[in-house]
Enquirer: 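Pasting a structure here, questions to come.
Letters go in sequence order (proteins before strands), and every chain restarts at 1.
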Number of protein chains: 2
Amino acid sequence: MSNLHRLPIVGKRIEALHGDAPALGPTQDPASKRVFVLAPGVAPVSDAEGDLDGLLQVGDLAREVGKTVRAIHHYESVGLLRPHARSKGRYRLYAKDAIARVRWVGKLHELGMSLAQIQQILTVWGQAASAPEAMRKIRAIYQQKLEEVRTQIARLSILEGEVEASLDYLTTCKTCDPNELVAACSACTNHEETHAEPELVAGIYATAESPKP
Amino acid sequence: MSNLHRLPIVGKRIEALHGDAPALGPTQDPASKRVFVLAPGVAPVSDAEGDLDGLLQVGDLAREVGKTVRAIHHYESVGLLRPHARSKGRYRLYAKDAIARVRWVGKLHELGMSLAQIQQILTVWGQAASAPEAMRKIRAIYQQKLEEVRTQIARLSILEGEVEASLDYLTTCKTCDPNELVAACSACTNHEETHAEPELVAGIYATAESPKP
DNA sequence: CCCAACCCTAACGTGTGCGTAAGGGTATGG
DNA sequence: CCATACCCTTACGCACACGTTAGGGTTGGG
């Protein structure tokens, strides 16, 4: 569904990778304002993905990984990615492994790393004297990330439990007098005493209001 | 606001300290900006924190909840909190329920809500016509947050698995020739074929380096 | 009275990850 | 030649949650 245009390649020849999944659904992003329109009258049905020469323009790459062109540019600007070549008109041309790179960035970002931190990994990688050494360092980073993500999951699980407890606690309110005012909540005695008031509930009616009209 | 679904990975907080050190007089520690000292000379035994009628100064509150004074001020500026009184010299004085309020804010923030969103809850609460109605709305909000946090946990769990798989995959590198260069990794055949190369590994050696000196 | 340790109100600064113009080429079908 | 639909670089803007001066009062013990 990408453009079928052939792009002149000016730079050095880049190793073209082949053998990837051929038919990728266009996967239009509905939440995005980005418009993925086909050229009018063009319906690239059988010509699934193989861009000529196997290189991708930045827009193709962006679509492939679900990012915006701006994001790709940004990644490049912080040293996370570089086009393998440029067209005669200075269009960025990416090999397919750029897809893996961007996805990799995305995952690490989801793991809570900043782009700068992710870039550090590449630096570590590039400066390592040997492959085993590089991998040791990468492993160390990943090991730490693993612990962090586990900690985070634990934290969220606790919060999950607290939200559940609060919802449970608040079910009692369904039986409350419909004319009762919120001001009375802080002195409410309708809740079971078996459960203490959750912090996610108690904090609501502290003596500090909001509206300042 | 494209990532409302995203929850903060990690929350930093300041360790809440309690001054229980012996009376050393006013500490002038140049290494620490924040000085946690009890009133010099006197260590009140039973009257642990009753500054004025059981009210807390902003610094006391901050220490109690592990936030900075600036953060407390900020919360006030966005309508999340208000002092119950002011001293003659316009010092903010908080009742103890302010502690619950701030903790409540902290938890909701950890759940991925912005301060503005949290403030919305207070607005909803304050504008509700009756207590049961207010609680219904709160429950709806919490219900949604519960789903979001569960989604987030699921996402992180997947990532956790991927990191684990990557670490597992990279163990093979320990047996790699110590003189092997990183450039050879992309063509490495030492790894078991039973597991495909994890994306968290593959992305590292795409053809886009970093150092641009 | 003095001083240290607090507190006050602005108000500007910071780090992150892009969004959004602005102004202008490039590539290709018709 | 023209109309699209891409692409380029540069650069300012933004949302968030505070951090950080800056300049100056307040509190309370000694």
Side-chain angles (χ1 to χ4, degrees), chain A residues 2-10 32-42 51-52 56-63 67-78 80 83 86-94 105-106 109-110 112-119, chain B residues 1-4 6 8-9 11-14 19 23-29 32-42 51-52 56-63 67-78 80 83 86-94 105-106 109-110 112-119:
Chain A
S2 318
N3 59 23
L4 305 171
H5 308 160
R6 158 171 286 291
L7 292 169
I9 298 159
V10 160
S32 167
K33 58 178 66 167
R34 292 165 51 226
V35 190
F36 298 149
V37 274
L38 291 175
V42 176
D51 235 18
L52 307 164
L56 304 160
Q57 288 189 185
V58 63
D60 301 325
L61 175 58
R63 250 161 286 156
K67 304 271 180 184
T68 64
V69 169
R70 178 65 177 97
I72 304 291
H73 285 171
H74 184 55
Y75 292 166
E76 181 176 343
S77 77
V78 296
L80 288 173
R86 292 272 191 156
S87 77
K88 200 173 80 179
R90 296 199 46 76
Y91 281 24
R92 271 166 264 251
L93 300 176
Y94 299 93
V105 170
H109 194 203
E110 279 190 281
M113 301 182 72
S114 69
L115 299 188
Q117 287 176 317
I118 298 170
Q119 208 283 326
Chain B
M1 294 231 176
S2 57
N3 36 6
L4 292 177
R6 295 211 55 194
I9 284 293
K12 56 183 171 185
R13 56 176 57 174
I14 299 173
L24 299 172
T27 307
Q28 37 195 16
D29 187 357
S32 169
K33 284 187 173 181
R34 300 192 51 194
V35 188
F36 298 132
V37 225
L38 285 179
V42 175
D51 226 12
L52 294 170
L56 305 160
Q57 287 189 180
V58 64
D60 302 324
L61 175 59
R63 251 161 283 154
K67 303 271 181 185
T68 65
V69 170
R70 179 65 177 97
I72 305 291
H73 285 170
H74 183 56
Y75 292 166
E76 181 176 344
S77 77
V78 296
L80 288 172
R86 292 272 191 155
S87 78
K88 203 175 78 177
R90 297 198 45 75
Y91 281 25
R92 271 166 264 250
L93 300 175
Y94 297 93
V105 170
H109 194 204
E110 280 190 277
M113 299 183 73
S114 70
L115 298 188
Q117 288 176 317
I118 298 171
Q119 208 282 328

Enquirer: Quick check: do Leu115(A) and His74(A) have side-chain heavy atoms less than 4.5 Å from each other?
Expert: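 Sidechains of His74(A) and Leu115(A): in contact.
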
Enquirer: What's the NZ-C1' distance between Lys88(B) and dG28(D), to the nearest Å?
Expert: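 So the two atoms are 12 Å apart, to the nearest Å.
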
Enquirer: Kindly give the atom pairs (protein nitrogen or oxygen, nucleotide nitrogen or oxygen) under 3.5 Å for nucleotides 8-11 of chain D.
Expert:
unit_1	atom_1	unit_2	atom_2	d
dC8(D)	OP1	Arg92(A)	N	2.9
dC8(D)	OP1	Arg92(A)	NE	2.8
dC8(D)	OP2	His73(A)	NE2	2.9
dT9(D)	OP1	Arg86(A)	NH1	3.4
dT9(D)	OP1	Arg86(A)	NH2	3.2
dT9(D)	OP2	Arg92(A)	NH1	3.4
dT9(D)	OP2	Arg92(A)	NH2	2.0

Enquirer: From Asp60(A) CG over to Tyr94(A) OH, what is the distance, rounded to the nearest 0.5 angstrom?
Expert: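 Nearest 0.5 Å value for the CG-OH distance: 11.0 Å.
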
Enquirer: For Ile72(B) and dC8(C), what is the distance between atoms CD1 and P respectively, to the nearest whole Å?
Expert: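 To the nearest whole Å, that distance equals 11 Å.
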
Enquirer: Does Leu93(A) reach the side chain of Leu56(A), with side-chain heavy atoms less than 4.5 Å apart?
Expert: no

Enquirer: Tell me the interatomic distance from Asp60(B), atom CG, to dA5(C), atom P, rounded to whole angstroms.
Expert: 16 Å

Enquirer: With the side chain counted from C-beta on, respond yes when Gln119(B) and Leu80(B) share a heavy-atom pair under 4.5 Å apart, and no when they do not.
Expert: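 SC-SC contact between Gln119(B) and Leu80(B) confirmed.
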
Enquirer: Quickly work out the Gln57(A) CD to dG25(C) C1' distance and round it to whole Å.
Expert: 14 Å

Enquirer: Heavy atoms, side chains only, cut-off 4.5 Å: are Lys67(A) and Tyr75(A) in contact?
Expert: yes

Enquirer: Restricting to non-hydrogen atoms, name the atom on Gln117(A) and the atom on Met113(A) that form the minimum distance, rounded to 0.1 Å.
Expert: OE1-CA, 3.2 Å

Enquirer: Identify the two heavy atoms, one from Val69(A) and one from Ala62(A), that lie closest to each other, and give their separation to 0.1 Å.
Expert: N-CB, 3.8 Å

Enquirer: Apply side chain to side chain contact (heavy atoms under 4.5 Å, CB included) to Arg90(A) and list each qualifying residue two or more places apart in sequence or on a separate chain.
Expert: Arg86(A)

Enquirer: Output the rounded distance in Å from CD (Gln119(B)) to P (dA17(D)).
Expert: 12 Å

Enquirer: Tell me whether the OP1 or OP2 atom of dC18(D) has a side-chain N or O from Thr68(B) closer than 4.0 Å.
Expert: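 Negative; the distance criterion is not met.
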
Enquirer: OP1 or OP2 of dT26(D) sitting under 4.0 Å from any side-chain N/O of Ser87(B)?
Expert: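 False: Ser87(B) side-chain N/O out of range (4.0 Å or more) of dT26(D) OP1/OP2.
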
Enquirer: Check nucleotides 14-17 of chain C against the protein and report each pair of N or O atoms closer than 3.5 Å, with its distance, or say if there are none.
Expert:
unit_1	atom_1	unit_2	atom_2	d
dG17(C)	OP1	His109(A)	NE2	3.1
dG17(C)	OP1	Leu115(A)	N	3.4
dG17(C)	OP2	Leu115(A)	N	3.2

